[in-house]
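Excluded from the calculations below are hydrogen atoms, water molecules and symmetry mates; all remaining heavy atoms, backbone and side chain alike, are included.
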Amino acid sequence: MTGSRKLILTIFLTLGTLIPGPVLCLIYNWVVVPHLNWVAGLFGQRLNISIVIATFAFTMLGFLAAIIAVMFSLSGTKTFSKYRSREYLDIFFRVYFFSVLCLVITFGLALLGLSRQGYPLLFNLMIMSAVNNFGQISLITFAIINVARKASE
């Protein structure tokens with residue numbers, strides 16, 4: 001894989017995982033609330049939601065640690081060697097580390113959500129970040145499942 005193609009794919013995968021949260025927030029604020037007259041009263045439950053999201057972020061950090069253990073258990077397979085030689089492994093690790101960073105940020109935002117002062121901006125950032133984390137975890141899980149499936153064939 002050429003260096004520019006690798007860079008473009010890395011940027012697309014990392015920055016592309018930051019899009020779902022803000023897009024869903026815009027859809028909610030511009031379509032759902034004004035046109036459907038439906039408002040989810042999430043901010044009133046910000047403490048409970050912050051606890052759930054903090055737990056999610058911390059648990060997913062553990063899940064990502066398990067994913068790395070699975071990757072290293074596959075390191076001796078022919079499929080893993082092809083994955084590495086095509087430089088997909090470098091891209092995987094960049095997305096992986098970016099996801100870890102985003103989960104830590106989500107965890108921090110959730111802890112800030114437990115503060116005495118409730119800030120709607122921080123709450124919205126926390127929700128958007130959690131939505132993005134779902135996409136990141138799905139992407140990483142999809143990649144590891146494909147490598148494991150091909151390695152077992």
**Student:** So how far is it from F107 CZ to C102 SG, rounded to the nearest 0.5 Å?
**Tutor:** 15.5 Å
**Student:** Would you name the heavy atoms of P20 and G16 that are closest together and state the gap between them?
**Tutor:** CD-O, 3.6 Å
**Student:** What are the two closest non-hydrogen atoms of Q136 and S99, and how far apart are they?
**Tutor:** CB-OG, 3.3 Å
**Student:** Using side-chain heavy atoms (C-beta onward) and a distance below 4.5 Å, is T10 in contact with I91?
**Tutor:** yes
**Student:** Once you round to the nearest 0.5 Å, how far does CZ of F80 lie from CG of L89?
**Tutor:** 4.5 Å
**Student:** Taking only distance into account, with no hydrogens and no angle test, what donor-acceptor pairs under 3.5 Å do side-chain atoms of residues 51-73 form with protein atoms, sequence neighbours excluded?
**Tutor:**
| residue | atom | partner | partner atom | Å |
| --- | --- | --- | --- | --- |
| T55 | OG1 | I51 | O | 2.8 |
| T59 | OG1 | T55 | O | 2.7 |
| S73 | OG | V70 | O | 2.6 |

**Student:** When rounded to the nearest 0.5 angstrom, what distance separates OG in S50 from CD in Q45?
**Tutor:**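 The distance works out to 10.5 Å.
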**Student:** Would N146 and Y83 satisfy side chain to side chain contact (heavy atoms under 4.5 Å, CB included), going step by step from the backbone distance to the final call?
**Tutor:** CA-CA 11 Å; N146 279 333; Y83 197 68; over 6 Å; no
**Student:** Can you get from L15 to L7 by hopping between Ile, Leu, Val, Met, Phe, Trp and Tyr side chains that sit under 4.5 Å apart?
**Tutor:**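 Cluster IDs for L15 and L7 match.
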**Student:** Could you check E87 against R5 for side chain to side chain contact (heavy atoms under 4.5 Å, CB included), going step by step and ending with a plain yes or no?
**Tutor:** CA-CA 11 Å; E87 298 181 359; R5 184 174 174 214; over 6 Å; no
**Student:** Determine whether a donor-acceptor pair (N or O, by modelled atom type, separation under 3.5 Å) exists between the side chain of R46 and the backbone of G113.
**Tutor:** yes
**Student:** With a 3.5 Å cut-off and sequence neighbours excluded, list the donor-acceptor pairs that the side chains of residues 120-131 form with protein atoms.
**Tutor:**
| residue | atom | partner | partner atom | Å |
| --- | --- | --- | --- | --- |
| N124 | ND2 | P120 | O | 3.4 |
| S129 | OG | T106 | OG1 | 2.4 |

**Student:** Roughly how far, to the nearest 0.5 Å, is the CG atom of L13 from the CD1 atom of I8?
**Tutor:** 12.0 Å
**Student:** With a 4.5 Å heavy-atom cut-off, do L103 and I137 have their side chains touching?
**Tutor:** yes
**Student:** Would you call the rings of Y96 and F93 parallel, tilted or perpendicular, where under 30° means parallel and over 60° means perpendicular?
**Tutor:**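 Y96 vs F93 ring planes: perpendicular.
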**Student:** Please answer whether the main-chain N or O of L111 pairs with a side-chain N or O of S115 as donor and acceptor at a distance below 3.5 Å.
**Tutor:**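 Side chain of S115 to backbone of L111: no pair is present.
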**Student:** Any idea which heavy atoms bring S75 and R84 closest together, and the distance?
**Tutor:**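 In this case the closest contact between S75 and R84 is O-NH2, 3.8 Å.
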**Student:** Are any of the side-chain heavy atoms of T79 and S152 separated by less than 4.5 Å?
**Tutor:**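 In short, these two side chains do not touch, never coming nearer than 4.5 Å.
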**Student:** CD1/I140 to CD1/I144 distance, rounded to the nearest 0.5 angstrom?
**Tutor:** 10.0 Å
**Student:** Rounded to the nearest 0.5 Å, how far apart are NZ of K150 and CG of L74?
**Tutor:**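 Rounded to the nearest 0.5 Å, the NZ-CG separation comes out at 13.0 Å.
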